Amino acid sequence: MLKKIGLLLAGGIAVLVLMFHLGPLVGLAISLAILYYATKKFFKADSTFGKIVWALIGLAALMVSVSNVPALIAIVAAYVLYVVYKKWNEPKEVVQVVDDPFIHFEKQWAELQKHY
């Protein structure tokens, strides 16, 4: 029961942190997409002017990506939320103790059969 309360508390904090850092997370995703596209276009460009333009666009996208460092906190919060979800749905381990006297009898009978 105490474990569930701790998981609920950790999950609640992770959700709040994720919600508060959602803006930088979206900004990071957009800027990384632009950076990826600019890098691909940079390597495909034939002219020097095209390479310079795509390099400047990529550099601007890189600066925007670096400025969205709080998005890393949101990524960590999303991972914590994932771990809490996995732990919450983890099946309980049930240990059954079998106290059947015939099990011991069958073991001893098998041992006697080996000796004789």
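Keep in mind it's a predicted model, so treat the numbers as computed, not measured.
- For K44, the NZ atom sits in a loose shell: 12 or fewer heavy atoms of surrounding residues, nucleotides or ligands are nearer than 6.0 Å.
- Remark: D46 CG is loosely packed, at most 12 non-hydrogen atoms of other residues, nucleotides or ligands lying under 6.0 Å away.
- With sequence neighbours excluded, the residues forming a ring-ring contact (aromatic ring centres under 6.0 Å, His included) with Y37 are W54, listed by chain and number.
- A heavy-atom distance below 4.5 Å is found between the side chains of V53 and F49.
- Here the straight-line distance linking atom CD1 of I34 with atom CD1 of I57 works out to 9.0 Å at 0.5 Å rounding.
- More than 12 heavy atoms of other residues, nucleotides or ligands shown are found within 6.0 angstrom of NZ on K51.
- Annotation for G50 and A45: closest pair C-CB, 4.0 Å, computed over non-hydrogen atoms.
- Closest non-hydrogen pair, S31 versus N68, comes out as OG-ND2, 4.3 Å.
- Taking CD1 of I73 as the reference point, atom CG of L25 lies at 11.5 Å (rounded to 0.5 Å).
- Under the 4.5 Å side-chain criterion, counting only non-hydrogen atoms from C-beta, V80 is not in contact with V83.
- Among pairs with a residue in residues 2-29, none fulfils ring-ring contact (aromatic ring centres under 6.0 Å, His included), at least two apart in sequence or across chains.
- Taking L32 as the reference, L28, L35, S65 meet the side-chain contact (heavy atoms from CB on, under 4.5 Å) condition, with sequence neighbours excluded.
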